[in-house]
Peer 1: 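Below is one structure. I have some questions about it.
Values below: every heavy atom of this structure, side chains too, minus hydrogens, waters and symmetry copies. Lettering follows sequence order; numbering is per chain, from 1. Everything numeric in this text was worked out from a predicted model, so none of it was measured.
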2 protein chains.
Amino acid sequence: MTTARTPVPEAARHLGLRERKKLKTRMAIRDATYSLIREQGYDATTVEQIADRAEVSQSTVFRYFPAKEDIVLTDEYDALLEGLLRERPAGEPVRESLRWAIRKAMTMALTDNPDHGQEEMLLRVRLMVEVPQVRSRLMESMSVTGRLLCRALAERTGRHENDLEVRVYAMGLMGALLETMIYWVEGDCREDVLELIDRTLAVCADLPRR
Amino acid sequence: MTTARTPVPEAARHLGLRERKKLKTRMAIRDATYSLIREQGYDATTVEQIADRAEVSQSTVFRYFPAKEDIVLTDEYDALLEGLLRERPAGEPVRESLRWAIRKAMTMALTDNPDHGQEEMLLRVRLMVEVPQVRSRLMESMSVTGRLLCRALAERTGRHENDLEVRVYAMGLMGALLETMIYWVEGDCREDVLELIDRTLAVCADLPRR
DNA sequence: CCATGAAATGAGAGTAGCTGTCAAAAACAT
DNA sequence: ATGTTTTTGACAGCTACTCTCATTTCATGG
């Protein structure tokens, strides 16, 4: 297998050879996928081609990613968002905490991205919006992020994480934010995302403590 | 092909033989699918089995329904909701109009359902929540319903249907309502849906006119 | 009633995503 | 170097879905 185009992160240096190889394979598959998609588009790219270019077998591709869509959709941002949310002062209105946490997560996602360039990030967002299968998978993962949000919201408002109100607020917000991204991509990413997010949150109510 | 278990609606009587047959086939496929799912579950039911029981070829199944999920997911309620929304007085706050329109649509969906029993409706909702593929498809159709909502909301608020605020409000609402349904099904449909919907809308902000 | 055109169907081959199995190869431990 | 465990590749198989083409079924005008 050829060396992955994207450099292995420093954090991985101390791992054993086995672990390092796994990271390499993972990245080789992703790089192969992205380059093929750039050349031919998502649908025209088969898993066989991906495996060939990454110089691994099809089995290995599916061992690393449960489905084709997952190759382009790795959510590393759930944990980030949760952390950022916990950093905000406890007394702050929920909606304000959300605003800052989301702003920061978004900024980090779009700028200092360690293993993909910004251009790759934009392609990713575009695929989320344009390819139905990827969008579907994204929506699925939205409900995971939603549950996470529920926990954070419950903590802050003194409600239970399974409260209808908490869950509805969380999923409503996820829907709203996804639509914001779609709006942004439809406008060719020319508008300022942070401003769009502000406008989005202005439409949403605050979730009051109880 | 055997006669469909569900009776052909009266409204179809005046149609030509060809059209009537098409309706019958459609219903035969759906009935076959539902009975098979009740027996074996969704995943264990193959399109081949469905075709066999409906006494139709596989080609025909795919001619009537673009995907397996679509057999259980026929959205007849988008148009209904739109109509109900238009019936509300123009001066009423948007959120109130939504409350009544959604309540009524939900009531109609769950009670006076012409061609499926209530039990079939509940199975359908349960599939939406429990089977990932069906849920995915449902989420896809949510964005269609969302666009429809955008139009209605734009009309009422004097905004443009492509306004970020309108779109965010619509999709936020869709996310919230979907979560409400999931909550309801998770509690085995024992709680009063209409009350849950009221509580959901209480969490949402109103969309102000401009 | 029949002939002609149009629409619906069935049969079959083919594609791609995905799963599972099993033996070979690579990494690790001793 | 030897034995153990993990990772991999090759292969077979399943199913959803597509496409094509010949055949059947309905509609229509003479």
Peer 1: To the nearest Å, how far apart are B/D52 CG and C/dA11 P?
Peer 2: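 It works out to 10 Å between those atoms.
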Peer 1: What residues in residues 40-49 of chain A put a non-hydrogen atom under 4.0 Å from any atom of DNA chain C?
Peer 2: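 Under 4.0 Å from DNA chain C: A/T45, A/T46, A/V47.
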Peer 1: Measure the distance from CZ on B/R26 to P on C/dT9 and round it to the nearest whole Å.
Peer 2: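 One finds 12 Å between P of C/dT9 and CZ of B/R26, rounded.
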Peer 1: Could you state the CG-P distance from A/L17 to C/dA29, rounded to the nearest angstrom?
Peer 2: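 From A/L17 CG to C/dA29 P: 11 Å.
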Peer 1: Round to a whole Å and report the spacing from CZ of B/F62 to C1' of C/dA11.
Peer 2: 15 Å
Peer 1: Once you round it to whole Å, what is the distance between P of C/dG17 and NZ of B/K68?
Peer 2: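 In whole Å, C/dG17 P lies 19 Å from B/K68 NZ.
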Peer 1: In whole angstroms, how far is the P atom of D/dA16 from the CD1 atom of B/I29?
Peer 2: 14 Å
Peer 1: Out of curiosity, B/Q133 CD to B/Y42 OH, how far, rounded to the nearest 0.5 Å?
Peer 2: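 Taking CD in B/Q133 and OH in B/Y42, the distance rounds to 5.0 Å.
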Peer 1: Heavy-atom distance under 4.5 Å between the side chains of B/E161 and B/E155, does that happen here?
Peer 2: no
Peer 1: Run the side-chain donor-acceptor check on residues 58-66 of chain A: report pairs under 3.5 Å with partners two or more places apart or on a different chain.
Peer 2:
residue : atom : partner : partner atom : Å
A/T60   : OG1  : A/S57   : OG           : 3.1

Peer 1: Can you give me the N/O atom pairs linking the protein to nucleotides 6-9 of chain D at distances under 3.5 Å, or say none if there are none?
Peer 2:
residue : atom : partner : partner atom : Å
D/dT6   : O4'  : A/R18   : NH1          : 3.4
D/dT7   : OP1  : A/K22   : NZ           : 2.8
D/dT8   : OP1  : A/Y64   : OH           : 2.9
D/dT8   : OP2  : A/Y64   : OH           : 3.3
D/dG9   : OP2  : A/S57   : N            : 3.1
D/dG9   : OP2  : A/S57   : OG           : 3.1
D/dG9   : OP2  : A/T60   : OG1          : 2.2
D/dG9   : N7   : A/R63   : NH2          : 3.4
D/dG9   : O6   : A/R63   : NH2          : 2.9

Peer 1: Using whole Å, what does the distance between atom C1' of nucleotide C/dT19 and atom CG of A/D70 come to?
Peer 2: 15 Å
Peer 1: How far apart are the C-alpha atoms of A/L201 and A/I197, what are their side-chain angles, what is the distance that settles it, and do they pass the side-chain contact (heavy atoms from CB on, under 4.5 Å) test?
Peer 2: CA-CA 6 Å; A/L201 285 170; A/I197 290 175; 4.1 Å; yes
Peer 1: Can you tell me if CD on A/E130 sees more than 12 non-hydrogen neighbours from other groups inside 6.0 Å?
Peer 2: yes
Peer 1: Does a salt bridge link B/K24 with B/E19, judged by any charged N lying under 4.0 Å from a carboxylate O?
Peer 2: no
Peer 1: Taking the side chain as every heavy atom from C-beta outward, state whether B/M121 and B/R124 have any atom pair closer than 4.5 Å.
Peer 2: yes
Peer 1: When you compare the side chain of A/E140 with that of B/S136, does any pair of heavy atoms fall below 4.5 Å?
Peer 2: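 With C-beta onward as the side chain, the pair touches.
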